[in-house]
Visitor: 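This structure is in structure tokens; I'll ask about it shortly.
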Amino acid sequence: MRVFRAARTSPGRAVGVVLLGLLLFLLLLWPLVMLGVGTFRTSSPLVPGGWSADALGRVDEEATRNGALRNSAILAVLSTVLGVALAVVLAFLSERTDTWLRRLIRPMVLVSVLISPAFYAIAYDLLANKYTGTLNVAAQDLLGTDGHVVNVESWPGIVCVSSLHASAFVYLYLVGPFRALDRTHEEASAAAGAGRWRTFSRINLPLLTPILSSVVLIGLVSGLESFDEPLILGTPADLGFLSPRIYDLLTEHNPPRYADASAIALGLALVVVLLAVVQHRVLARRSYTIVTGKSYRTDVWHLGRARILGGAFVAAYGVLAVLLPLGSVVFASFQPFPGVVGDLSTKNYTALFNNPEIPGVVRTTLLLAVLGGLAAASLSFLLAVLGARAGRRSGAVLRGVTLLPLAMPGVIAAIAMTWAYATVPGLRELYGTVWLLMIAVVVAVLPVTVQIASGAIAQLHRELEDAARIAGATALRALLTVTVRLLLPSLLSGWLLAAILITGNLDAPLVLSGSGTRTVSVQTYLFFNDQNQGQSAALLTLTVGAGVLLGLVAAAVRAVARRAASRRNVPLVEPGLVAPEQPLPTGVSA
Amino acid sequence: MSEVRFTGVRKSYGAAVVVPDFSLDIAEGEFVTLLGPSGCGKTTILRCLAGLEHPDGGVISLAGETVSDPGRGVRVPPNRRNLGLVFQSYALWPHLTVFGNVAYPLKVRRTPKAQIRAKVADALALVGLAGTERRQAMALSGGQQQRVALARAIVADPAVLLLDEPLSNLDAQRRAQLRAELRRIHRASPRTTLYVTHDQVEALTMSDRVVVMDAGRILQTGTPAEVFQSPETEFVARFLGYDNLVGGTVTRTDGDAVTVRPTGFPGELHVSSDRQVRAGDSVTVAFRGSALSIAGTSANGPNALRARVEDAAYSGDAVHYALSPDGADGPIRLSAHVPTSGAVPPSAVGDPVDLRLDPSALVLLRA
């Protein structure tokens, strides 16, 4: 391993390698190990206790209570199939056709990604719950019926809301490969006598197999781990799911049943690792060249009259994914009570501003988002740079390590972090503070930021840094003045995205927040759970408003930078989730 | 004393041995070219010298100082080897101006500001880009970008200049221009130079010495004329455009004059060669398609033979013939490039032709 051989020759480097190794170990490996250990403890992490394997014996019973295991598996499969299908259609329409409204797809998807799953769940609940959902109330008024027309607190509701949100993430992975599809492949198929549908299904889809199998895996993983929609929409319908079940074991019992929660979490983590290995094996044996590099054409398909049909589809997506949820939340924030259509007022906002706890909540959230986002983005770029520069074996080790957080979505990360730090003297002080929460949310967003980082690195030619070394610069100076400088735009957008995702993260803070370290998303959920839908909606509106404002500022800065760059003819490294030549996304926690 | 010395350098990637055992001395001020097909290990050698790759064994020294010796744990990092390197991809930094790119090596060396300005201006003038300092590097054309890369490589007056296929991303016209430019710059200030290319024209026109490589080994070393006119092995002959290789047996030797009976068709080939052979040795005779001339009348005398035209391809200034010698007992094909001339109409497929071969254009290869 080159890293370690180099360590022999340079002491400074050796220290760096050891420090980074220790950091990765403490952040990613140690919590998983301790999760395994915690399964065999009889007490909570903070309390002395004995050893027992009883939790393993109960894991079957606990994981299947209320159909949790079965429901999570069904939800994973359904939301993956629907989400990927929807994303494929959207990516195809936006990148490969001249459909009406196609330019709206990308911004709408971006908005959808930036809105948290908890937001979707609450928004759709406000819109379409059985009793006070705006749609049902409106239907009652218009049709004069009692009863309800839609009920989102149901199997179809959970699946649809989950799929809608999943499709946005999947789209981000697909958009690059779809854009890179070679038009000449399609023309060759047409010349061979194939119709459009045959060309799409026999040529385009198989070419995209690597990326599709990746997103299917990611979909299954996040479906299995899914927390927000099952908790918010499934609980009222008395449907059990794994992640909420884990949360239940910790919060609905006194003392919290840590061993049982850990056992389920450990099982889930193992399944995720297994899926990742399967995917790696499957893909490693095939070789696909989607992007040939040199001369390919990417002209779009002319749909003719079907453009209108495509446009209608895009419009429907926009209504369901953006307009309805946003509109429902904003509307609810002005309602005095759910289900009351008249009497709109700003009293929910007034109550929020007069709530003495809110400033602390905002401070905690900002601290987590800004610092945690920066930490996640910096660590990801460091790992991506090292992964790209290291030798074959140490590079593989690094890439493997970056896969670990996939196995630790919010709830699991929260338990694992608790075991990992609360049981170690010295580190125990972290428990109950915002810093343990910080570690958990950083780990939760790492898969996304690593993806951004490796996509950006893939666009940077290694020789740019080599040239600096030859010119006489030390390794550090070459890294800083060339590589880091050129990656800065991607790093900043990674930071922004991480901050937004951390703000929307509900599961980790829900488990780890004490009363003094509540985040905006936890506060939103607590309002909602306490039947205070109005303030919940008002807080969501303000959060999204702040996010939109931040996004607009970022977009403006980028536009100015781009204009300056194009005036000088500088090719920028495109910040984005996935570079076209990046066939293997490391995953996403949606 | 030699400026660059490779002694027994080895390099593998996993199980693939790229360079098994490489030794070469380059004298001060000498322009040496590593010539070979892609994948022959030439770039690996250059990158080992630059310090961008690390050999598994052997010693590399620069100006008398050992810069790489894995056996003793010596590995001088690239930034302390005082080299200039021009990359195939130019590798200009897109966020810097021309000045920023060229000044970088000087800034790193803490050169005073006033001197930086002057040296950058000198380097840019030398590559024919005077006054372009304030332009963005990426706004220049490919040829200009490569000149900037060259200026950056020489601005700090490195001991050795390395060029890694510097012309292969340029079109034919720019390539010829920049080739001449490189020659001029080297003449103006001779600097120890290691040039890596797969293009024989670049190797022959610029080098003091050409090193032909294949599979990580040196096959032949010599001046451009030596290598071009007397390749020693079949590989070198083929790589340098000898398209006819004829096996045969030596029948007679008389000083430099060697007579060979070709295998597979009747006749005798008279070769002038200083290679030590004896009657009865099996040898290979190599010659270029341009060494075959079509005689107007029935040919006789040394190296005359009759053949039939199997294929003729017109390419403007020459006709390329595939010929089958009369009396051949197998599918033997010779190829000939005959310059087109208004006087002699090109032969057609099926025509019998009389051929003559210039004895001095025949090369006897080592068996």
Side-chain angles (χ1 to χ4, degrees), chain A residues 1-13 293-294 389-396 456 459-491 561-562 564-574, chain B residues 13-14 46-47 49-54 56 70 72-97 100-111 134-141 148-149 152-156 158 160-162 164:
Chain A
M1 287 204 230
R2 200 174 294 172
V3 167
F4 297 117
R5 201 192 303 149
R8 212 176 47 200
T9 50
S10 140
R13 227 170 172 184
K294 288 278 147 71
R389 301 289 183 262
R392 212 180 317 171
R393 242 180 308 167
S394 29
Q459 296 177 63
L460 259 201
H461 207 295
R462 167 89 204 246
E463 288 185 344
L464 291 175
E465 201 179 311
D466 284 347
R469 295 303 307 279
I470 296 287
T474 59
L476 184 66
R477 182 164 187 172
L479 186 72
L480 291 179
T481 56
V482 175
T483 308
V484 171
R485 169 62 189 77
L486 287 169
L487 288 176
L488 207 56
S490 308
L491 191 112
R562 190 186 298 267
S566 70
R567 211 183 310 126
R568 294 181 301 162
N569 256 323
V570 181
L572 281 179
V573 176
E574 273 298 311
Chain B
Y13 296 103
L46 176 135
R47 290 175 62 84
L49 176 57
L52 298 172
E53 302 272 354
H54 306 296
D56 304 325
R72 291 194 297 124
V74 177
R75 189 207 275 181
V76 176
N79 50 318
R80 289 203 267 120
R81 295 190 183 194
N82 191 24
L83 300 164
L85 170 53
V86 178
F87 293 86
Q88 179 177 357
S89 64
Y90 321 144
L92 294 184
W93 300 302
H95 58 298
L96 297 177
T97 58
N101 269 281
V102 178
Y104 191 93
L106 299 172
K107 284 185 180 155
V108 170
R109 287 170 173 77
R110 295 166 202 267
T111 312
R134 301 188 54 189
R135 300 186 59 184
Q136 279 294 320
M138 304 316 274
L140 303 176
S141 72
V148 174
R152 178 177 71 183
I154 58 179
V155 70
V160 178
L161 177 62
L162 310 175
D164 185 9

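Because only heavy atoms are used, hydrogens play no part in the values below, and waters and symmetry mates are left out as well, while side chains stay in. Please read these numbers as outputs of a predicted model, since none were measured by experiment. Chain letters run A, B, ... following the sequence lines, proteins first and then strands; every chain starts at 1.
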Visitor: Can you name the nearest heavy-atom pair linking L486(A) to P94(B), along with the distance?
Guide: CD2-CG, 3.6 Å
Visitor: So, the side chain of W93(B) versus the backbone of V482(A): is there a donor-acceptor pair under 3.5 Å, distance only?
Guide: no
Visitor: Heavy-atom distances under 4.5 Å only: say whether R109(B) touches chain A with side chain, backbone, both or neither.
Guide: side chain
Visitor: Are P78(B) and D466(A) packed together at the side-chain level, in the sense that at least one heavy-atom pair is separated by less than 4.5 angstrom?
Guide: no
Visitor: I need the minimum non-hydrogen distance between L92(B) and L464(A), along with the two atoms involved.
Guide: O-CD2, 3.1 Å
Visitor: Measure across Y104(B) and A478(A) and return the closest heavy-atom pair with its distance rounded to 0.1 Å.
Guide: OH-CA, 4.2 Å
Visitor: Please list, chain by chain and in numerical order, all residues satisfying salt bridge (charged side-chain N to carboxylate O under 4.0 Å, His left out) with R110(B), sequence neighbours excluded.
Guide: none
Visitor: Could you check if a side-chain atom of L52(B) sits within less than 4.5 angstrom of a side-chain atom of I470(A), using non-hydrogen atoms only?
Guide: yes
Visitor: Please find the pair of heavy atoms, one from A467(A) and one from A91(B), that lie closest to each other, and give the distance.
Guide: CB-O, 4.0 Å
Visitor: Do you know which of G51(B), P77(B), P105(B) has the most heavy-atom pairs with chain A at a distance under 4.5 angstrom?
Guide: P105(B)
Visitor: Quick one: which of S89(B), G14(B), A137(B), A156(B) has the most heavy-atom pairs under 4.5 Å with chain A, could you say?
Guide: S89(B)
Visitor: Is a donor on one side and an acceptor on the other found under 3.5 Å between the side chain of R469(A) and the backbone of A50(B)?
Guide: no
Visitor: Could you tell me which residues satisfy ring pair (Phe, Tyr, Trp, His ring centres under 6.0 Å) with Y90(B), sequence neighbours excluded, listed by chain and number?
Guide: none
Visitor: Quick one, R477(A) with N79(B), criterion side chain to side chain contact (heavy atoms under 4.5 Å, CB included). Give me CA distance, side-chain angles, the key distance, then yes/no.
Guide: CA-CA 11 Å; R477(A) 182 164 187 172; N79(B) 50 318; over 6 Å; no
Visitor: Does any heavy atom of chain A fall under 4.5 Å from the side chain of R152(B), the backbone, both, or neither of them?
Guide: side chain
Visitor: Give a yes or no on whether the backbone of T481(A) and the side-chain of H95(B) come within a donor-acceptor separation of less than 3.5 Å.
Guide: yes
